[in-house]
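Inspection log for the structure reproduced underneath, given as structure tokens.
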Protein chains: 2
Amino acid sequence: MAANGAPRVQLDRDRIVGAAVALADEEGTGALSMRRLAERLDAGAMSLYNHVASKDELLALMVDGVAAEIAEPPPGTPTLEAVRRIAVATREVFVAHPWAPELWLRCAPGPVRTRAMEEHLRLFAESGLAPELAHHGYHAVNNHVLGYTLQELGMSSGPEDLESKARAYLAGIEDGDFPHSAAHVRDHLEGRTSSSFELVLDLILDGLVRLDRSRAAGE
Amino acid sequence: MAANGAPRVQLDRDRIVGAAVALADEEGTGALSMRRLAERLDAGAMSLYNHVASKDELLALMVDGVAAEIAEPPPGTPTLEAVRRIAVATREVFVAHPWAPELWLRCAPGPVRTRAMEEHLRLFAESGLAPELAHHGYHAVNNHVLGYTLQELGMSSGPEDLESKARAYLAGIEDGDFPHSAAHVRDHLEGRTSSSFELVLDLILDGLVRLDRSRAAGE
DNA sequence: ACCTGAACACCGTTCAAGT
DNA sequence: ACCTGAACACCGTTCAAGT
């Protein structure tokens with residue numbers, strides 16, 4: 001296709017990471033191999049190693065790349081409200097890149113995530129919560145965002161239809177032996193349980209504030 | 001080593017799954033290949049396929065195997081107390097098999113987990129919580145257990161020392177640019193934040209009950 | 001019925017060679 | 001400085017052959 005002498009688009013880290021993210025978005029991390037990625041970039045497989053040290057480094061760069069997409073709340077936002085918005089924004093990015101949460105856990109944080117962690121801890125530190133509760137709160141919110149998203153996406157390293165998966169599960173169950181399970185899945189399929197993510201998020205945030213107050217009053 | 005004519009121990013599903021779990025416990029899922037597993041069982045690599053359809057099926061069997069290790073609370077236990085105990089017991093099993101949480105998310109549930117899910121949903125259904133809150137509560141607790149454990153274990157598909165990892169991270173950070181991050185990691189290393197798991201678990205469970213009461217009173 | 005080696009289509013990565 | 005093909009040590013799995 002490309003004319004023989006035509007200079008190829010140059011390879012660089014950003015182009016490689018961008019193509020890797022696109023490939024993962026389309027086909028999941030299971031389909032992301034150095035060879036297939038190089039092919040997509042119209043390059044030899046080994047050329048990639050001139051710009052990334054290893055596949056693991058590439059994966060870490062991808063995660064930090066999507067971390068940069070997480071919208072920051074405006075500077076004046078009250079601390080715990082900012083925490084809340086970041087949690088919601090993070091989930092949105094994870095939904096857009098369903099392969100990201102798993103790597104988020106597996107890869108060492110890059111500069112973007114390191115900065116973000118510092119910022120989140122600062123928000124908690126300045127929230128007025130007791131230091132111990134601020135510490136726990138940071139983890140509680142983090143775990144909720146990751147746990148919820150991972151569960152929601154079924155850790156789909158390939159993009160399969162969640163609804164059809166649920167229907168298949170329901171079909172295998174619905175013989176009366178598992179009434180609660182069948183009802184639960186049906187609740188999902190019929191949309192009777194919206195915004196569980198934000199409900200539990202608020203349960204955690206409100207619970208932290210309430211616990212902090214009762215501890216301060218009790219001592 | 002084995003005498004030439006000596007009859008080998010027979011291969012069967014349970015022995016294969018057991019050896020796979022042991023291998024994963026010792027070296028992580030990254031080191032678990034059909035060839036290495038067969039070698040451990042003193043069998044040809046392909047012999048395994050007489051007992052499991054694929055590696056994916058084997059992984060699913062492993063997860064259901066560790067699910068069977070989760071201690072059940074005695075029958076009379078109050079519903080939400082039972083939920084609490086199951087959550088704690090599940091985390092204990094995950095700590096014993098650090099490779100399990102990731103597969104838990106990725107594999108379709110086998111018979112053990114299917115039964116357990118039904119049982120947990122029954123506990124929530126009979127807890128007195130409104131159906132919608134029971135539904136959310138089931139997810140909230142599940143997400144907490146998985147999210148917390150995954151984060152705690154750093155998704156370590158190979159057993160690396162968590163503490164040394166934290167120390168390395170701290171060393172890379174501690175130049176004054178990331179004061180909150182450094183303080184946070186130091187809190188961990190010096191054991192100043194115990195039992196975060198149970199604190200947040202109770203935050204969720206108590207929050208559900210409180211929200212249920214206030215909704216019942218408000219309407 | 002159960003076992004197995006050879007073979008196929010893949011991996012990530014090393015290395016020596018090109019420009 | 002950047003690119004690259006051949007090669008190495010692995011994968012999961014198919015298949016045809018053994019017992």
Side-chain angles (χ1 to χ4, degrees), chain A residues 1-21 23-24 26-63 99 102-103 106-108 155 157-158, chain B residues 1-21 23-24 26-63 99 102-103 106-108 155 157-158:
Chain A
M1 189 71 73
N4 45 7
R8 289 173 177 174
V9 184
Q10 278 175 36
L11 231 41
D12 64 51
R13 256 167 113 99
D14 284 350
R15 233 168 71 77
I16 290 172
V17 174
V21 168
L23 182 55
E26 289 165 32
E27 308 185 47
T29 41
L32 175 62
S33 76
M34 298 302 272
R35 284 171 164 92
R36 297 228 311 144
L37 178 59
E39 199 177 358
R40 225 177 210 247
L41 288 161
D42 198 19
M46 293 309 107
S47 308
L48 304 179
Y49 287 91
N50 291 303
H51 302 93
V52 295
S54 64
K55 188 181 183 185
D56 276 349
E57 186 183 282
L58 174 60
L59 294 174
L61 290 169
M62 290 166 66
V63 176
W99 47 269
E102 188 199 334
L103 293 181
R106 204 170 53 193
C107 297
M155 202 100 162
S157 64
Chain B
M1 190 72 71
N4 46 7
R8 290 173 177 175
V9 185
Q10 279 175 32
L11 232 43
D12 64 52
R13 255 168 112 102
D14 284 349
R15 235 169 69 76
I16 290 172
V17 174
V21 168
L23 183 54
E26 289 166 32
E27 308 185 46
T29 40
L32 174 62
S33 75
M34 298 302 272
R35 283 171 165 93
R36 297 227 315 143
L37 178 59
E39 199 178 358
R40 226 177 209 249
L41 288 161
D42 197 21
M46 292 309 107
S47 309
L48 303 179
Y49 287 91
N50 290 302
H51 303 92
V52 295
S54 65
K55 188 181 182 183
D56 275 350
E57 185 183 282
L58 173 61
L59 294 173
L61 290 169
M62 290 167 66
V63 176
W99 47 269
E102 188 198 333
L103 292 181
R106 204 171 51 194
C107 297
M155 201 101 163
S157 62

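Here is the naming used below: chain letters follow the sequence lines, and residue numbers restart at 1 for every chain.
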B:Ile16 has an atom CD1; how far is it from atom P of C:dC2, in whole Å? 11 Å

Taken to the nearest whole Å, CD/B:Gln10 to P/C:dT4 is 12 Å

Contact between A:Val52 and A:Met34 at the side-chain level, heavy atoms closer than 4.5 Å - yes or no? yes

Using atom CD of B:Glu39 as one end and atom C1' of C:dG5 as the other, report the distance to the nearest whole Å. 15 Å

Once you apply a heavy-atom cut-off of 4.0 Å, does A:Ser33 come out as touching a base, just sugar-phosphate, or nothing? sugar-phosphate

Describe the nucleic acid contact of A:Met46 in one word from base, sugar-phosphate, nothing, applying a heavy-atom distance below 4.0 Å. base

Of the listed nucleotides (D:dG12, C:dT13, C:dC3), which one gets closest to any side-chain atom of B:Leu11? C:dC3

For the side chain of A:Ser54 and the backbone of A:Glu57, is there at least one donor-acceptor N/O pair under 3.5 Å apart? yes

Tell me whether B:Arg35 contacts the main-chain N or O of B:Ala45 through its side chain, where contact means a donor paired with an acceptor under 3.5 Å. no

Figure out the NE2/C1' separation between A:His51 and C:dG12, and round it to whole Å. 18 Å

In whole angstrom, what separates A:Asn50's CG from D:dG5's C1'? 14 Å

Side-chain contact, heavy-atom cut-off 4.5 Å: A:Ile16 with A:Leu61? no

Nucleotide C:dA16, atom P - distance to OH of A:Tyr49 in whole Å: 17 Å

What is the distance, rounded to the nearest whole Å, between atom CE of A:Met34 and atom P of C:dT14? 11 Å

Tell which nucleotide pairs with D:dC11, taking only Watson-Crick or G-U wobble pairs whose two distances are both under 3.5 angstrom. none

What is the distance from CZ of B:Arg35 to P of C:dG5, rounded to the nearest Å? 12 Å

Any strand, both distances under 3.5 Å, Watson-Crick or G-U wobble: D:dA1 pairs with C:dT19

